[in-house]
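Labels below follow one simple rule: chain letters A, B, ... track the order of the sequence lines, proteins then strands, and each chain is numbered from 1.
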Amino acid sequence: MDNKEIARVLDEIADLLEIKGVPYKPIAYKRAAETIKSLSQPVEDLTSKEIMKLPGVGESITKKIVELNETGHLPYFEELRKQCPIDFESLLAVEGIGPKTVKLLYQSLDIKDLDDLEEMAKHHQLRRIKGLSEKKEKNILENIKYARKTTRHLLGHMLPLANNIKEKLEGFKHVIQVEVAGSIRRRQETIGDIDILVVTDNPRQVMGYFVALDMVDRVIAKGISKSTVRLKADVNCDLRVMPEKSFGAALLYFTGSKEVNVEMRKMSIKRGLKLNEYGLFNGATMVAGQNEEEIFQELGIHYMEPELRQNVEDVEVAIQRELPLIIGYHDIRGDLHMHTDWSDGKSSLKDMVEAAQDWGHEYIAITDHIGSLQVPKGIDENKIRVQMKELDRLDREIENITILKGLEVNIKSDGKLEIKEDILKDLDVIVAGINSGYRQSKEQLTDRIISAMENQYVNIIAHPTGRKIHKRSAYELDVDKIFQTSVDTNTYLEVNSQPDRLDLRDVMIKNAIQTGCKLVINTDAHSIERVWDMELGIATARRGWAVKKDIINTSSHKELMKLLVK
DNA sequence: GCCGTTTTCGGCCCGACTGTTTTCAGTCG
């Protein structure tokens, strides 16, 4: 069983125990589920002893994980489920419904899923239950609609929207300070809602301004300290007003993650302090709160970059003061995977170069697709020579940026490259990727990538796992083998910055780096606007604990050219 | 069920908001 499935079982056990009213165990199962979810390797590959060492996993849960791995079944879980056969995930997705209400609904009306719930609500059965009411029934009916269509949104789509709202607030006279918090600040690859914090001298005015912004669809709640709106982009946005002296504590708290918050509060208690969204307190005295840095400092632990605030272990590493100095947003000096209208791109060569210059790149590689069945708009082999001359001309014409000549080539299903090799030796950068035949076996796909890496001209493996968020999962690969071959052959694995790819993803990046791999962060941009996706790739690398030296395109042009020789 | 710079037993994050609570439980973040 893979980690996701095991975590799901543990999660559901927690829900089931919660409903039965068992105290504390649900928290334990939830925590274990979180640990398994964030694991960078399959738990199947671990021994019992190793599993037991994982945070939040003890003897009892270890036994259950091993049993699941070995037999695919867990009688303990199946028994619990038989006692209450409820679709928790969908019911708990309804705003305002928690475990207690699920229990109440099940016991009084035998409600097991969203359809049951909607049926009963429509027929005004909920209001008859003691503890519920007409108002609650109406709320539930309204919220079912959102629960049904709630999907998480891509970071790449939400980040510009959040920044736009932030800018509008910054321009409003009563706003003193404003920051985007929540999962966007952690740069999580998908986002549930947008959280924004402000300091203001006039909360009422700010709230009025906020709910009237042109991107707002409707107002869900409007108060002096908190307002929630539904944006036209089909996502909720919360605005909270905080006192200036608490801004850092609030930012820390509203940035999360939840697990990190819980862990930091526990840690504060151990130090005789109390941490909440208003500050860090010693008795009644506030010892820190205006900014995040001073809170970490007072606690005597490493400052945690928002991208590193994922789980309990991150806090533990911060306590040990062993967090790495992760790559910065200005450390990247070039983009080695870009397309133009010579193939399937939308912008001209010159426009792409100028966009890259605007971003601040010192060098870029133009890597148009070779024409093939999959990429009918690709550049044909004769035209490559013409483009090469054009690139040389542009390189001379445009100052302060070096243009490298490259290509993106398809790795065929037999592992060979879809191009005659004699042309490759005249190019600076070869990006190879799988753009067809994802359905092969794990062995075949692994061998395909490995034989591409063994090709003397291939420098970069593009979007190595092929996943597309919300569309398709990563293909099955023997990643250990691929990471090792990457090290052995000086072939670099890409962190692709396209909003729905972000591939390699964070946990994989962490693993690759531990194996000794060097990576490259590329945009794979097909138009000038997408040159700015670089920020998303960097964010992903930061979440994967990458430092500057792990990423080849933090090098100068001169150093880079050495790295591109196999 | 897990865990240990108070602990192998006895705790387990915290505050705000909502609804219907007449003093608080449930939910959320």
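Nucleic acid contact for A/Leu17: none, since no nucleic acid atom lies under 4.0 Å from a heavy atom of the residue. A/Lys136 comes within 4.0 angstrom of nothing in the nucleic acid, heavy atoms only. Residue A/Lys25 is in base contact, counting any heavy-atom pair closer than 4.0 Å across all strands shown. A/Lys258 comes within contact range of at least one nucleobase, with a heavy-atom separation under 4.0 Å. Residue-level contact check: A/Val312 touches neither bases nor backbone, having no heavy atom under 4.0 Å from any strand. As judged by a 4.0 angstrom heavy-atom cut-off over every strand, A/Ile27 is placed among residues making no nucleic acid contact. At the heavy-atom level, A/Pro99 lies under 4.0 Å from the strands shown only through sugar-phosphate atoms. As judged by a 4.0 angstrom heavy-atom cut-off over every strand, A/Val57 is placed among residues touching the sugar-phosphate backbone only. Nucleic acid contact for A/Glu95: sugar-phosphate only, since backbone atoms but no base atoms lie under 4.0 Å from a heavy atom of the residue. Residue A/Ser225 is in sugar-phosphate contact alone, with no base atom involved, counting any heavy-atom pair closer than 4.0 Å across all strands shown. Residue-level contact check: A/Pro26 touches neither bases nor backbone, having no heavy atom under 4.0 Å from any strand.
The pair A/Arg185-A/Asp195 does not count as a salt bridge, with every side-chain nitrogen at least 4.0 angstrom from each carboxylate oxygen. The pair A/Glu259-A/Arg186 does not count as a salt bridge, with every side-chain nitrogen at least 4.0 angstrom from each carboxylate oxygen. A salt bridge does not link A/Glu34 with A/Lys30: none of the charged nitrogens is closer than 4.0 Å to a carboxylate oxygen.
Atom name C1', nucleotides B/dG26 and B/dT21: the rounded distance is 11 Å, in whole Å. Taking atom P in both B/dC28 and B/dT20, the straight-line distance is 15 Å, to the nearest Å. Between B/dT6 and B/dG11, the distance separating the two C1' atoms is 12 Å to the nearest Å. With both ends at atom C1', the span from B/dG15 to B/dT7 equals 28 Å, rounded to whole Å. Between the P atoms of B/dA16 and B/dT23, the separation comes to 22 Å (whole Å). Here, B/dC2 and B/dC13 have their P atoms 16 Å apart, quoted to the whole Å.
A/Glu322 and A/His302 share no side-chain donor-acceptor pair at under 3.5 Å.
When each of A/Asp533, A/Thr540, A/Asp524 is tested with A/Asn496 by the rule side chain to side chain donor-acceptor pair (under 3.5 Å), just one qualifies, namely A/Asp524.
Along DNA chain B, the nucleotide nearest A/Gly98 and the nucleotide nearest A/Gly58 are compared for position; the residue whose nucleotide lies closer to the 5' end is A/Gly58. The residue among A/Arg271 and A/Ile97 whose nearest nucleotide of DNA chain B lies closer to the 5′ end is A/Arg271.
Around the CD atom of A/Gln83, the shell of radius 6.0 Å holds more than 12 heavy atoms that belong to other residues, nucleotides or ligands.
Between the base of B/dG15 and the side chain of A/Tyr278 there is no donor-acceptor pair shorter than 3.5 Å.
Of the candidates B/dT20, B/dC14, B/dC12, B/dC14 carries the atom nearest the A/Tyr253 side chain, counting heavy atoms from C-beta on. Checking B/dT20, B/dG29, B/dC13 against every side-chain atom of A/Ser133, the shortest atom distance belongs to B/dT20. Distance from the side chain of A/Lys100 is smallest for B/dG26 among the nucleotides B/dG26, B/dG29, B/dG1. Distance from the side chain of A/Ile269 is smallest to B/dC14 among B/dC14, B/dG29, B/dG1.
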Pairs under 3.5 angstrom, nitrogen or oxygen only, protein versus nucleotides 7-11 of chain B, please.
none

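When both pairing distances are held under 3.5 Å, B/dG26 makes a Watson-Crick or G-U pair with B/dC17.
For B/dG15, the OP1/OP2 oxygens have a side-chain nitrogen or oxygen of A/Lys274 closer than 4.0 Å. Contact annotation: A/Asn276 side-chain N/O to B/dG15 OP1/OP2 distance is under 4.0 Å. A sub-4.0 Å separation between OP1 or OP2 of B/dG1 and a side-chain N or O of A/Lys64 is present. A close approach under 4.0 Å does occur between a side-chain nitrogen or oxygen of A/Asn139 and OP1 or OP2 of B/dG19.
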Evaluation steps, salt bridge (Lys or Arg N to Asp or Glu O under 4.0 Å), between A/Glu535 and A/Arg187: CA-CA 10 Å; A/Glu535 189 183 346; A/Arg187 300 292 190 265; 3.7 Å; yes

Under the salt bridge (Lys or Arg N to Asp or Glu O under 4.0 Å) criterion, do A/Arg265 and A/Glu277 qualify, and how do the steps go? CA-CA 10 Å; A/Arg265 288 179 173 193; A/Glu277 60 264 50; 3.5 Å; yes

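With sequence neighbours excluded, the residues that form a ring pair (Phe, Tyr, Trp, His ring centres under 6.0 Å) with A/Tyr209 are A/Phe172.
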